[in-house]
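In what follows, a structure is listed as structure tokens, so that the remarks can point back to it.
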Protein chains: 2
Amino acid sequence: MTKKTTIKDIAKKTGLSTTSVSRVLNGKSEKYRIAEKSKQIIEAAALELNYVANHFASSLKSGKSNTIGLIVPSLSNPFFANIASNINAEVRKYGYTTIIVDSDENVEIEKTVLQQFIARNIEGLIIIPCGKEMEHIKNVYDQGLPLVLLDRYFEELEIPYVSTDNFEGAYMAANLLINHGHKSILCIQGIIDSTPNKLRVKGFKQAMKDAGIENFKVVGDAFSVENGYSETKMMLQNKVRPTAIFTLSNTIAMGCLKALKEENIRIPQDISLITFDDHLYLDFLATPITSIAQPVEAICKIALKNLISNLNEKEKTVKQVILKPEIKYRESISNIKN
Amino acid sequence: MTKKTTIKDIAKKTGLSTTSVSRVLNGKSEKYRIAEKSKQIIEAAALELNYVANHFASSLKSGKSNTIGLIVPSLSNPFFANIASNINAEVRKYGYTTIIVDSDENVEIEKTVLQQFIARNIEGLIIIPCGKEMEHIKNVYDQGLPLVLLDRYFEELEIPYVSTDNFEGAYMAANLLINHGHKSILCIQGIIDSTPNKLRVKGFKQAMKDAGIENFKVVGDAFSVENGYSETKMMLQNKVRPTAIFTLSNTIAMGCLKALKEENIRIPQDISLITFDDHLYLDFLATPITSIAQPVEAICKIALKNLISNLNEKEKTVKQVILKPEIKYRESISNIKN
DNA sequence: AAAATATGCTCAAACGATTGCGCAATTAAA
DNA sequence: TTTAATTGCGCAATCGTTTGAGCATATTTT
């Protein structure tokens with residue numbers, strides 16, 4: 001890069017001090033009584049010299065970075081990509097900049113990124129943790145970094161989060177299957193020790209219990225297409241098959257669909273399917289898939305409101321918000337009552 | 001945030017100078033002959049005090065940020081989200097950090113973000129421009145910032161890019177329709193003055209011309225679901241309908257699908273469909289949709305290789321790479337020959 | 001034993017911005 | 001006219017690192 005213009009260059013050119021230049025360029029000319037004329041001269045010079053403030057320098061001195069960090073486990077998961085998009089737009093409204101990083105569902109990367117974020121003096125953090133560990137997050141929170149967990153949170157921690165009522169969502173889903181007469185259900189889960197997964201499984205099991213159904217299974221271990229695919233494939237090896245599948249994420253559902261298609265299993269004639277997470281494309285599938293939709297926009301809006309208020313006020317309030325999911329009823333569930 | 005540990009704290013604690021601390025912590029203890037013992041003492045202290053280097057300070061002084069910036073037009077578009085995910089992973093391999101920003105298909109935001117990136121001393125830039133303006137990009141490139149355009153580029157500029165052969169892709173798509181006997185085709189395009197769009201339209205028209213077909217139309221103006229939806233809806237008002245639709249992106253296709261479904265138009269019996277951009281879900285649709293797949297992974301890998309080599313060598317080579325797309329043949333095209 | 005080399009470490013000046021304090025010069029009040 | 005208040009601006013320290021230059025002490029070479 002060619003040498004960048006600094007505040008000094010402008011000072012030299014205008015014959016004013018760097019102090020005045022800085023003040024004008026930060027919109028503090030009123031406060032520090034810089035003459036209107038000087039202001040205009042400085043602004044003109046800045047424009048002419050194509051000045052861009054060095055973020056490092058200003059941030060180093062002022063301690064403000066005007067940046068919100070966002071860590072997501074995987075941008076190739078439409079659910080998270082969508083969240084990223086929403087957060088990004090929302091953050092801008094508050095005058096901050098988002099920097100987004102993909103942790104690739106890898107806790108080590110997550111930790112590294114977190115360090116980098118701190119090194120970059122981010123003012124607030126929105127994070128969808130991988131879900132396996134929490135100490136590092138707890139640490140930065142305790143050190144005073146305002147943050148909000150999204151989607152995956154930690155029940156035992158006193159840290160703000162915004163998520164969906166995963167228990168309820170799964171309970172609703174399972175119940176829907178039950179009400180359609182299903183008595184043999186396979187649940188393909190995601191990351192086993194993540195809170196949403198645990199709660200979804202819990203909700204699922206509770207529904208089973210309440211209905212007195214014992215013929216169910218919970219398998220799988222990742223929120224990925226591969227997991228959905230392989231678990232479905234394995235299930236299909238058995239002579240006795242469940243009548244319905246409940247996938248705990250849209251990626252898992254995608255893998256499941258792939259496996260079913262390969263084996264020519266029809267939905268819902270041969271097997272019923274319901275999944276957590278909604279997506280536009282679910283409507284256009286061979287059989288549109290019923291889903292438990294999370295209120296993504298609301299989650300993002302609330303998370304940000306929450307975060308920003310913690311940024312501004314000293315005393316932190318630990319708001320933990322759980323929003324209700326909604327069933328998007330489509331044609332993937334057959335009624336096999338009697 | 002509670003006060004962070006600085007290099008000074010470590011110096012104080014260990015009784016050594018900040019210089020030595022800095023050198024040890026940067027892995028330069030060999031080069032500057034710091035005693036092994038001192039090194040260990042310093043490392044232990046850093047660990048104990050939970051030291052994280054202030055990125056602003058070091059970047060300010062050294063001029064290195066170790067950061068690659070990525071600007072995408074919309075993370076809610078799976079195609080771009082996928083690119084972001086790939087780039088992110090690839091960048092990490094080279095030891096850099098990516099910061100991703102979503103420009104929301106808004107040139108003004110794109111300009112602002114670019115300024116912010118410069119203020120943050122990014123060392124390289126990967127950008128999928130909105131596609132409408134290029135001066136600001138040309139400017140930073142001329143000032144020496146290594147960058148690579150992805151997907152959307154500018155033919156007339158001497159700037160590195162990696163993209164797909166859009167002309168060829170569209171030509172192939174159109175030809176496929178023609179070979180199936182289609183003689184009345186609707187093309188729903190994206191951002192009109194973006195290069196990929198222009199080339200796709202050109203390829204489409206060339207195929208029409210080569211086949212002597214005059215009964216075609218090119219409509220639309222955005223790479224969005226809404227655009228696909230409304231253009232399809234409008235088309236459906238007419239008594240005379242095309243026999244095939246060619247959508248120039250997967251978002252447009254999604255909107256198109258929505259409209260077709262609402263009006264109960266079947267694919268491919270009532271109308272055939274082919275789209276640019278592939279996605280896993282296209283396989284599971286009511287009728288799996290034939291697509292022109294771009295080699296996303298290769299694009300990202302090459303772009304990064306390109307960028308990194310420009311980072312390291314002084315003299316820039318302007319590599320402009322065009323990769324071949326591939327047809328993913330599925331069942332969305334009916335044969336209506338004769 | 002003196003000279004040369006190696007070893008281990010520090011000084012202090014940057015990097016580019018922000019900011020508390022203070023000082024002229026001008027204007028208003030007494 | 002003197003004093004007080006206002007206006008307009010600059011000095012210089014500071015943020016946390018990095019780094020060229022240099023300085024003792026210890027070791028090796030002659």
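First the proteins, then the strands, lettered A, B, ... as listed; each starts at 1. Just so it is clear, the structure is predicted and the values come from calculations on it, not from any experiment.
Using bins of under 30°, 30° to 60° and over 60° for the plane-to-plane angle, the ring pair B/Tyr153/B/Tyr161 lands in the parallel bin.
Under 3.5 Å, the side chains of A/Lys4 and B/Asn121 contain a donor-acceptor pair of N or O atoms. Remark: the A/Ser59 side chain and the A/Arg120 side chain contain no N/O donor-acceptor pair separated by less than 3.5 Å. Side-chain contact check for A/Gln115 and A/His136: no donor-acceptor pair (N or O, by modelled atom type) lies under 3.5 Å. A donor atom on one side chain and an acceptor atom on the other are not found under 3.5 Å apart for A/Glu155 and A/Thr195.
Close to D/dT18, at under 4.0 Å from its OP1 or OP2, lies a side-chain N or O of B/Asn26. Note on A/Thr6: every side-chain N or O is 4.0 Å or more away from OP1 and OP2 of C/dG16. Between C/dT18 and A/Lys64, no contact under 4.0 Å exists linking OP1 or OP2 to a side-chain N or O. Here B/Tyr32 does not reach the OP1 or OP2 of C/dT10: none of its side-chain N or O atoms lies under 4.0 Å away. Checking the phosphate oxygens (OP1, OP2) of C/dT19, a side-chain nitrogen or oxygen of A/Lys28 falls inside 4.0 Å. A/Ser38 has a side-chain polar atom (N or O) that falls below the 4.0 Å cut-off from OP1 or OP2 of D/dC9. Contact between the side-chain N/O atoms of A/Ser20 and the OP1/OP2 oxygens of D/dG10 is found at a separation under 4.0 Å. Between A/Ser58 and C/dG16, a side-chain N or O to OP1/OP2 separation shorter than 4.0 Å is absent.
At a threshold of 4.0 angstrom between heavy atoms, the contacts of A/Thr19 include nucleobase atoms, whether or not backbone atoms are also involved. Nucleic acid contact for B/Lys39: none, since no nucleic acid atom lies under 4.0 Å from a heavy atom of the residue.
Between A/Ile41 atom CD1 and D/dG8 atom P the separation is 13 Å, expressed in whole Å. One can place CD1 of A/Ile34 at 10 Å from C1' of D/dT7, the figure rounded to the nearest angstrom. Rounded to a whole Å, the NZ atom of B/Lys37 is 15 Å from the C1' atom of C/dC9. Rounded to whole angstrom, the span from the CZ atom of A/Arg120 across to the P atom of D/dT17 amounts to 15 Å. Distance, A/Ile7 CD1 to C/dC15 P: 14 Å, rounded to whole Å. Atom NZ in A/Lys8 sits roughly 12 Å away from atom C1' in D/dA12 (whole-Å rounding). Between the CG atom of B/Asn121 and the C1' atom of C/dA17 there is a distance of 13 Å, rounded to whole Å.
A donor-acceptor contact under 3.5 Å links the side chain of A/Arg23 to the base of C/dG20. Scanning atom types as modelled, no donor and acceptor separated by under 3.5 angstrom connect the side chain of B/Ser62 and the base of D/dT19.
With contacts defined as side-chain heavy-atom distances shorter than 4.5 Å, the pair B/Ile42/B/Leu16 qualifies. Using a 4.5 Å cut-off on side-chain heavy atoms (C-beta onward), A/Phe80 and A/Leu75 make no contact.
Nearest-nucleotide positions on DNA chain C for B/Lys61 and B/Gly15 put B/Gly15 closer to the 5' end.
Where the helix from C/dA1-D/dT30 to C/dA30-D/dT1 starts and where it ends, the local axes point in directions that differ by 50°; five pairs per end, rounded to 10°.
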Show the numbers, then the answer: is there a salt bridge (charged side-chain N to carboxylate O under 4.0 Å, His left out) between B/Lys13 and B/Glu48? CA-CA 11 Å; B/Lys13 185 179 172 82; B/Glu48 190 186 337; 3.3 Å; yes
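Among the nucleotides C/dT10, D/dG8, C/dG16, the one closest to any side-chain atom of B/Leu60 is C/dG16.
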